[in-house]
> 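Dropping the structure in here first, questions after.
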Amino acid sequence: MGTTSLAPPAPKERALEAPAAKVSPTGGDLEGALPETFAVIFDMDGTLIDNTPYHFKSWQMLYKKYGKGELSKETYYHDISGVPVLETIRSIFGEGRSEDELNALLNEKEAFYRESYAPYIRPINGLENFLAELTGAGIKIAMGTSATQEDINFVFDHIAIRDYFTVIINSTMVTKPKPDPQVYLRAAEKLNMPPARCVVFEDSLAGIKSGNSAGMKVVGITTGHTAAELQPVNLVINDYAELTVQKIAALFEE
C-alpha cells in the first residue's frame with residue numbers, strides 16, 4: 001500500500017538552522033558541529049524509487065541489440081548497478097566507438113528505460129512521509145547518485161520531492177564513481193557536515209562500499225539485494241515506513 005503524499009514545505013519554511021561546521025572532504029578535523037546534529041544522504045535509483053528492474057531491462061535490450069549476448073541478473077546487480085551509465089557503456093561497448101557514439105548508446109538506453117518506467121514510477125513506500133519528518137526535525141537532506149541530471153529530472157518531474165533536497169550531487173560532479181567515496185564526501189562537504197555525522201541510504205553493493213569508505217553510517221534497502229548481501233551496514237530496511245528520525249539518530253549513539 002502507498003503512503004499519503006505530503007507536499008514538501010516551501011524552502012523558506014524549512015528548518016535548516018543546524019550550526020555551520022568546517023568540513024574536510026577527506027574526513028579531517030572539523031569544528032562547530034553539535035554532537036546531536038546529523039545529515040542524511042540518499043542514493044536515487046533503487047533507493048528513492050524501485051526502478052532497478054526497469055534499468056535491468058534497458059540494459060538487457062542494449063546487450064541484445066548490439067550483440068553482447070544475454071545479461072544475467074547476477075552480472076547486472078554486481079557489476080552494473082550503482083555505476084555511472086556512461087562508464088559501463090564505455091567498458092562494454094567502447095571498442096571502436098567514438099565518444100559521440102557512446103553517448104548515443106547512453107541516450108538510447110535511457111530513453112528505453114524512461115519510456116518503460118514512466119507509467120509505473122512512484123516513491124518507495126513511506127518515503128514522502130519520512131522526508132517530511134526529517135525536514136520537520138531540521139535534518140539536512142542530500143542526494144548522491146551515479147545517475148545523470150536527466151534521470152534525476154525525470155524522477156522529480158513525476159514525484160514532488162525535489163524541494164526536500166538541499167544538495168544534489170550527480171555523476172558529472174565527481175571524477176571517481178562509486179564504489180569510491182567521492183560522491184558522498186562531496187555531498188557532506190556541500191551540506192557543511194562532517195562525514196562521521198552523515199548517514200547514507202543505499203541499495204547497491206557499489207553504493208554500500210562508497211558509504212562505508214566515506215566513514216558514514218549506512219542504511220541498506222532491500223530493493224535489489226537481500227539483507228545478508230547488503231553488508232556491512234548499520235541498518236537494513238525494506239521500505240521507509242519502518243523508519244523514524246529517532247531510529248536514525250540512534251545509529252550515532254552506537
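Remember, it's a predicted structure, so these values are computed and weren't measured experimentally.
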> Side-chain heavy atoms nearer than 4.5 Å, only ILVMFWY residues, links allowed to pass through others: does that put Val85 and Val183 together?
no
> Mind checking salt bridge (Lys or Arg N to Asp or Glu O under 4.0 Å) for Asp151 and listing every partner two or more places apart, or none if nothing turns up?
Arg114
> Just jot down the salt bridge (Lys or Arg N to Asp or Glu O under 4.0 Å) partners of Glu115, sequence neighbours excluded, or say none.
none
> Calculate, to the nearest 0.5 Å, the distance between atoms OG1 and CD1 belonging to Thr135 and Ile141 respectively.
3.5 Å
> Not counting sequence neighbours, which residues clear side-chain contact (heavy atoms from CB on, under 4.5 Å) with Gln246? List them please.
Glu133, Thr244
> With heavy-atom distances below 4.5 Å as the criterion, would you say the side chains of Ser171 and Thr145 are in contact?
no
> Sequence neighbours excluded, which residues qualify as side-chain contact (heavy atoms from CB on, under 4.5 Å) partners of Thr175?
Gln182
> Which pairs count as ring-ring contact (aromatic ring centres under 6.0 Å, His included) when at least one residue sits in residues 125-148, sequence neighbours excluded?
Phe130-Phe201, Phe130-Tyr240
> Is it true that Phe56 and Leu106 fall in one hydrophobic cluster, defined by side-chain heavy atoms closer than 4.5 Å?
yes
> Excluding sequence neighbours, so at least two apart, what forms side-chain contact (heavy atoms from CB on, under 4.5 Å) with Ala111?
none
> Would a 4.5 Å heavy-atom cut-off, applied to side chains only, mark Val219 and Val199 as touching?
yes
> Can you tell me if NZ on Lys64 sees more than 12 non-hydrogen neighbours from other groups inside 6.0 Å?
no
> I need the Glu110 CD to Leu62 CG distance, nearest 0.5 Å.
10.0 Å
> Give, for atom CD1 of Ile49 and atom OH of Tyr120, the distance between the pair rounded to the nearest 0.5 Å.
15.0 Å
> For the atom pair CD1 (Ile152) and CE (Met44), what is the distance rounded to the nearest 0.5 Å?
5.5 Å
> How many angstroms lie between CG in Leu235 and CG in Leu243, if you round to the nearest 0.5 Å?
6.5 Å
> How about Val155 and Leu48: do any of their side-chain heavy atoms sit closer than 4.5 Å?
no
> Mind checking side-chain contact (heavy atoms from CB on, under 4.5 Å) for Asp50 and listing every partner two or more places apart, or none if nothing turns up?
Pro53, Ile124, Thr223
> Using distance alone, with no hydrogens and no angle criterion, decide if Ser98 and Asp100 have a side-chain donor and acceptor under 3.5 Å apart.
no
> With sequence neighbours left out, write down each residue that passes salt bridge (Lys or Arg N to Asp or Glu O under 4.0 Å) with Lys65, or none if nothing qualifies.
Glu108
> Do the non-hydrogen side-chain atoms of Met143 and Ile169 ever get within less than 4.5 Å of each other?
no
> Hey, could you give me each pair passing ring-ring contact (aromatic ring centres under 6.0 Å, His included) that has a residue in residues 90-111? Not counting sequence neighbours.
Tyr63-Phe93
> Let me check something: any side-chain donor-acceptor pairs from residues 202-210 under 3.5 Å, sequence neighbours excluded? List them with distances.
residue	atom	partner	partner atom	Å
Glu202	OE1	Ser204	N	3.4
Glu202	OE1	Ser204	OG	3.3
Glu202	OE2	Lys178	NZ	2.7
Glu202	OE2	Tyr184	OH	2.5
Asp203	OD1	Thr47	OG1	3.1
Ser204	OG	Gly207	N	2.9
Ser210	OG	Asp180	O	2.9

> Ring of Tyr113, cation from Lys109 - is the NZ or CZ under 6.0 Å from the centre and inside 45° of the axis?
yes
> Kindly compute the distance separating CG (Leu185) from CD (Glu189), expressed to the nearest 0.5 Å.
8.5 Å
> Considering only distance and modelled atom types, tabulate donor-acceptor pairs under 3.5 Å from the side chains of residues 69-77, sequence neighbours left out.
residue	atom	partner	partner atom	Å
Ser72	OG	Thr75	N	3.1
Ser72	OG	Thr75	OG1	3.0

> Would you please name every residue forming a ring pair (Phe, Tyr, Trp, His ring centres under 6.0 Å) with Tyr66, sequence neighbours left out?
none
> Verify the cluster assignment for Ile121 and Leu131: are they in a single hydrophobic cluster under the rule of side-chain heavy atoms below 4.5 Å apart?
yes
